[in-house]
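Structure, as structure tokens:
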Amino acid sequence: NAGVMQNPRHLVRRRGQEARLRCSPMKGHSHVYWYRQLPEEGLKFMVYLQKENIIDESGMPKERFSAEFPKEGPSILRIQQVVRGDSAAYFCASSSGTAGGYEQYFGPGTRLTVT
Amino acid sequence: QQQVKQSPQSLIVQKGGIPIINCAYENTAFDYFPWYQQFPGKGPALLIAIRPDVSEKKEGRFTISFNKSAKQFSLHIMDSQPGDSATYFCAAKVPSGSRLTFGEGTQLTVNP
């Protein structure tokens, strides 16, 4: 599968727990973007990362949310002490370095439910 | 100024009809306007995209019309099919930025 991979596809967490969402970009892509989609809404940008660097995190909530893209392995979006308002679909997208972020290809998403 | 306004919110057409979805923007720095198609439970799929130096782009049954002076662009789906039933999102991007700014989405239903 050469597409963007995300896991888990569905994640249920109780309030106060931690959620870890993983994203493996398309083969050959080194740029990763995370977006959040609330029910019945469009996608909102959260963070843009390259290997070992956070380039733009202006869309990330200031507290409880963090992201990383290590030299080896997938990008991880981490949500600490989840609250009901964090329930949403979280999508990862990737692009190649030469595309300049213009052609972003999305994964299937992780649907987070906070109970 | 970073917003992209999309309309209508929902649209129902008969098979063979030509649904038209419209988007408007304010930020003249946007230089890339893609459309994404999303089926329930799936991620958005890049459908077609346009740059502001052309007024129209066609790919198969999908056409983007772009009006730079009006700061509007639209998606037309020719000979629509029930399989086109999905949510469609327009988006825009500035050259210096990384993020795509998305419209609110249009839920399209194509009846047989």
Side-chain angles (χ1 to χ4, degrees), chain A residues 1 3-10 21 23-26 29-50 53-60 67 69 88-97 99-111 113, chain B residues 1-10 21-25 27 29-54 57 59 64 73 75 86-108:
Chain A
N1 186 349
V4 179
M5 298 177 67
Q6 290 188 250
N7 66 81
R9 296 292 307 277
H10 299 274
L21 289 61
C23 168
S24 295
M26 283 179 70
H29 284 188
S30 57
H31 298 209
V32 166
Y33 314 80
W34 286 93
Y35 292 81
R36 178 164 63 177
Q37 184 177 36
L38 294 170
E40 309 300 326
E41 292 189 14
L43 290 89
K44 305 293 184 190
F45 169 82
M46 299 181 74
V47 62
Y48 161 45
L49 310 101
Q50 296 178 22
N53 282 304
I54 299 174
I55 308 301
D56 179 1
E57 58 181 347
S58 58
M60 287 273 272
F69 190 13
Y90 291 83
F91 291 97
C92 165
S94 73
S95 71
S96 70
Y102 284 94
E103 291 186 358
Q104 296 184 20
Y105 296 91
F106 283 80
T110 294
R111 273 111 185 126
T113 301
Chain B
Q1 201 180 22
Q2 286 292 326
Q3 284 186 317
V4 177
K5 297 279 191 186
Q6 184 171 345
S7 63
Q9 190 173 10
S10 62
I21 305 170
N22 301 297
C23 284
Y25 62 96
N27 188 351
F30 285 141
D31 75 334
Y32 174 71
F33 302 90
W35 284 90
Y36 284 82
Q37 178 189 57
Q38 185 179 30
F39 293 104
K42 305 293 185 184
L46 180 59
L47 201 56
I48 185 173
I50 198 168
R51 298 285 186 130
D53 53 344
V54 297
K57 183 174 181 180
E59 285 187 8
I64 300 179
F73 58 109
L75 177 70
T87 300
Y88 292 81
F89 292 96
C90 63
K93 183 184 175 305
V94 297
S96 57
S98 54
R99 70 178 67 195
L100 290 171
T101 299
F102 282 86
E104 299 88 349
T106 297
Q107 188 168 353
L108 171 67

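In what follows, every chain begins at residue 1, and chains take the letters A, B, ... in the order their sequences are listed. The figures here come from the full heavy-atom set of this structure, side chains too, leaving out hydrogens, waters and symmetry mates.
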Under 4.5 Å from a heavy atom of chain A, the part of B/P34 involved: neither
Heavy-atom pairs under 4.5 Å with chain A, option from B/Q38, B/Q9, B/Q6 with the top count: B/Q38
side-chain hydrogen bond (donor to acceptor under 3.5 Å, both in side chains) evaluation trace for A/S95 with A/Y33: CA-CA 8 Å; A/S95 71; A/Y33 314 80; 2.8 Å; yes
N/O donor-acceptor pair under 3.5 Å between A/T110 side chain and A/P8 backbone: yes
Among A/Q6, A/E41, A/Q37, A/M46, residue most engaged with chain B (heavy-atom pairs, under 4.5 Å): A/Q37
Heavy-atom pairs under 4.5 Å with chain B, option from A/G42, A/G109, A/G107, A/G59 with the top count: A/G42
Proximity breakdown for B/L46 and chain A, heavy-atom pairs closer than 4.5 Å: side chain
Flag, side chain of A/N53 to backbone of A/I55, donor-acceptor distance under 3.5 Å: no
Test item: side-chain donor near acceptor, A/Q104 and A/Y35, under 3.5 Å: yes
Side-chain donor or acceptor of A/Y48 paired with backbone N/O of B/S98 under 3.5 Å: no
